[in-house]
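Working notes, beginning with the structure itself.
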Number of protein chains: 2
Amino acid sequence: MENLIKSVPEPTLKRLPQYIHLLKKLKEDGIRQISSNTIANELNLDSIQVRKDLAVTGVVGKPKLGFDLEELYSALLHTLNWDNSTDAFLVGMGSLGSAILGYKTFPEYGLNIIAAFDNDEEKIGQSFAGTEVLSSDKLTDMIKRMHINIGVITVPANEAQKVAQQMIDGGIIAIWNYAPVHLKVPPEIIVVNAQLSQSLGVLTHKLAERLRYLNL
Amino acid sequence: MENLIKSVPEPTLKRLPQYIHLLKKLKEDGIRQISSNTIANELNLDSIQVRKDLAVTGVVGKPKLGFDLEELYSALLHTLNWDNSTDAFLVGMGSLGSAILGYKTFPEYGLNIIAAFDNDEEKIGQSFAGTEVLSSDKLTDMIKRMHINIGVITVPANEAQKVAQQMIDGGIIAIWNYAPVHLKVPPEIIVVNAQLSQSLGVLTHKLAERLRYLNL
DNA sequence: TAGATTGTTAATCGATTAACAATC
DNA sequence: TAGATTGTTAATCGATTAACAATC
C-alpha cells in the first residue's frame with residue numbers, strides 16, 4: 001500500500017557508509033548526541049546535505065541538541081540492511097576473490113559469504129579462510145537449493161558473463177561484480193559494479209591533470 | 001595559457017573504464033569502426049551520453065561510419081593517463097593489500113606498485129608477489145627520495161590517518177584509500193576513496209528494497 | 001528567554017536527455 | 001543521392017545548496 005516511498009538517491013546511498021564509520025568511532029568514544037554540523041565538519045560535507053541524507057533514515061533530531069547517536073547509528077545500519085547479514089556465494093578464487101573471502105568484517109556490512117567456487121581443479125577442495133572451494137559446476141544447483149540471493153563475481157572478464165548467467169539460472173537476485181566487464185542481465189536483476197579500475201581511473205586522471213597544471 | 005580546459009565530469013570519468021574494457025575486447029575481435037549506438041547497446045547506456053562522454057577525448061567520429069576503434073581506444077587510455085604507468089607505494093599488507101599487490105593488471109590501469117610497507121615485524125622482510133615488505137618507518141623518507149606521487153592505503157581504519165600524514169609529509173600527491181575512514185588532508189592532496197563498503201551498501205540496500213517489494 | 005539547530009520549501013547548479021542541423 | 005550518424009545547442013531532470021520558519 002505505501003508504495004509512494006521515494007527510493008533513496010544513489011549519491012546519498014554511497015555516503016551512508018561514511019556516516020556509519022564515523023558514528024561507530026564516536027560511539028566508542030562515548031559520545032551520545034551529535035549535530036549535523038559536527039558530522040559535516042568531520043567528513044568535509046555541507047551540513048544541509050548531511051541533514052538531507054540523514055532524513056532518509058526517518059530519524060528526527062532535536063533542535064539545539066542534534067541527533068541521538070545510538071538511534072541514528074542503528075537507523076543508518078537498518079537503511080542499508082546492515083543490521084542483519086545476507087548469505088552470499090563467491091565465484092573466482094584468484095587473488096581478489098581470496099582476499100574478499102578472507103575479509104573478516106563483511107558481516108558488519110550485511111554480507112556473509114558462505115561458499116566459494118572456482119573451475120580450477122587445483123583449487124577445488126582446498127580451504128580458504130575456513131571455507132572449502134567448490135566446483136563451479138555445482139553453482140546453479142546450490143543457489144537454487146539454498147535460496148541464495150547475492151552472488152559475488154571475481155572471475156576474469158571473459159568468464160564473468162557465463163558465471164552471471166549461471167547465478168541467474170539459480171535464482172540469484174543481486175550481483176556484486178568485480179570483473180572488468182559490463183554484465184548483460186534481465187532488468188529485474190540488481191548488478192552493482194565494484195571494479196577497482198573505476199576509482200583508479202578517477203585517481204590517475206586527476207593526478208595527471210594536477211601534474212600538468214603544476215608544470216605549466 | 002589554455003587554462004579554460006573544462007575538467008571532465010566525475011560521472012563521465014567513472015564510465016571511461018567501461019568503454020575501455022569494451023573496446024579492448026572488440027579490438028581483439030578485429031573490429032575497426034564503431035558507432036555510439038553500438039557502444040550504448042553493449043553497455044546499457046544512451047547513445048547521446050556515449051557521444052558526450054567520448055567527446056572529452058577529443059576524438060571526432062565520422063557521420064554514417066562512427067569512430068575509428070584504434071584511435072578511440074588510445075585516446076581513452078590517454079584521457080585516464082593509462083598509456084603510461086605511475087609508480088606507487090602501498091601501505092598495509094593485510095588480505096586486501098596483498099591481493100592488490102598481487103594484481104597483475106594494474107600497469108594496464110596506469111598504476112605500478114613498486115614497494116609495500118607494513119608495521120608488523122612478522123611481515124617486514126617477507127616477499128609478496130615479488131615485492132619485499134618494508135618497515136613503515138621508512139615510508140616518508142622513501143617517498144621523498146623516489147619522488148613517489150601515488151600512495152595506496154590498505155591499513156585498518158584506526159591507522160589510516162597516520163599513514164596518510166606520513167605520505168603527505170613525504171610529498172605524495174594522490175591517495176587511493178581503502179580504509180573505511182574519511183581522511184583529513186590539505187585541499188591540494190587528491191584522495192579517491194575505494195572502500196568496498198561503499199558499493200556493498202548500494203547492493204544490500206537495493207536487495208532489501210526489492211525483497212520488501214516482492215513480499216508485499 | 002535567547003540562540004542554536006532542525007526540517008522544509010525554494011533556488012541553483014550540473015548532468016542527462018532531446019532536438020536538429022551538418023555531413024560522410 | 002538518401003540515409004545514418006555525428007556534434008551542438010536547448011530542455012529536462014535530479015541533486016546540491018540556500019533561505020527561513022519551527023522549536024527544543
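With B:Asn177 as the fixed residue, the side-chain contact (heavy atoms from CB on, under 4.5 Å) test singles out one of B:Val192, B:Thr154, B:Ile153: B:Ile153.
Residue B:Ser36 places at least one side-chain N or O closer than 4.0 Å to OP1 or OP2 of D:dT6. Contact annotation: A:Arg15 side-chain N/O to D:dT16 OP1/OP2 distance is under 4.0 Å. The phosphate of C:dG7 (OP1 or OP2) has no side-chain N or O of A:Arg51 nearer than 4.0 angstrom.
Taking atom CG of B:Asp68 as the reference point, atom C1' of C:dC24 lies 15 Å away to the nearest angstrom. Here C:dA15 presents its P atom at 11 Å from CG of B:Asp53, a figure rounded to the nearest Å. Straight-line distance from the CD atom of B:Gln49 to the C1' atom of D:dC13: 13 Å, rounded to whole Å. The distance from atom CG of A:Leu43 to atom C1' of D:dT16 is 17 Å, rounded to the nearest whole Å. Atoms NZ (B:Lys14) and P (C:dT16) sit 11 Å apart, rounded to a whole Å. Rounded to an integer number of Å, the gap from B:Phe67 CZ to D:dT5 P is 12 Å. In this structure, the CD1 atom of B:Ile34 is 16 Å from the C1' atom of D:dA4, given to the nearest Å. Distance CG (B:Asp46) to P (D:dT6): 12 Å, rounded to an integer number of Å.
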Strand DNA chain C in bracket notation, Watson-Crick/G-U under 3.5 Å with | for pairs to another chain:
..||||||||||||||||||||||

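Residue B:Lys64 is in base contact, counting any heavy-atom pair closer than 4.0 Å across all strands shown.
When distances are taken from the side chain of A:Pro11 to each of D:dT16, C:dC24, C:dA4, the shortest belongs to D:dT16. Distances from the side chain of A:Ile48 to the nucleotides D:dT16, C:dG7, D:dA18 place D:dA18 closest.
Remark: A:Leu203 CG to B:Tyr109 OH distance equals 15.0 Å, nearest 0.5 Å. Here B:His182 contributes atom NE2 and A:Leu45 contributes atom CG; the two are 7.0 Å apart, rounded to the nearest 0.5 Å.
Checking A:Glu10 against A:Pro63, the closest nucleotide of DNA chain D that is more toward the 5' end is the one next to A:Glu10. Each of A:Leu65 and B:Pro9 lies near DNA chain C, and the nucleotide nearest A:Leu65 is the one positioned closer to the 5' end.
Within a 6.0 Å radius of NE2 in B:His78, no more than 12 heavy atoms belonging to other residues, nucleotides or ligands are found.
Remark: A:Lys184 engages B:Glu42 in a salt bridge (Lys or Arg N to Asp or Glu O under 4.0 Å) (not counting sequence neighbours).
For the pair A:Gln195 (side chain) and A:Ala179 (backbone), a donor-acceptor distance under 3.5 Å is present.
Counting only heavy atoms from C-beta outward, the side chains of A:Asp68 and A:Arg32 never approach each other to under 4.5 Å.
At a cut-off of 3.5 angstrom, counting only N and O atoms as typed in the model, there is a donor on one side and an acceptor on the other between the side-chain of B:Lys52 and the base of C:dT17.
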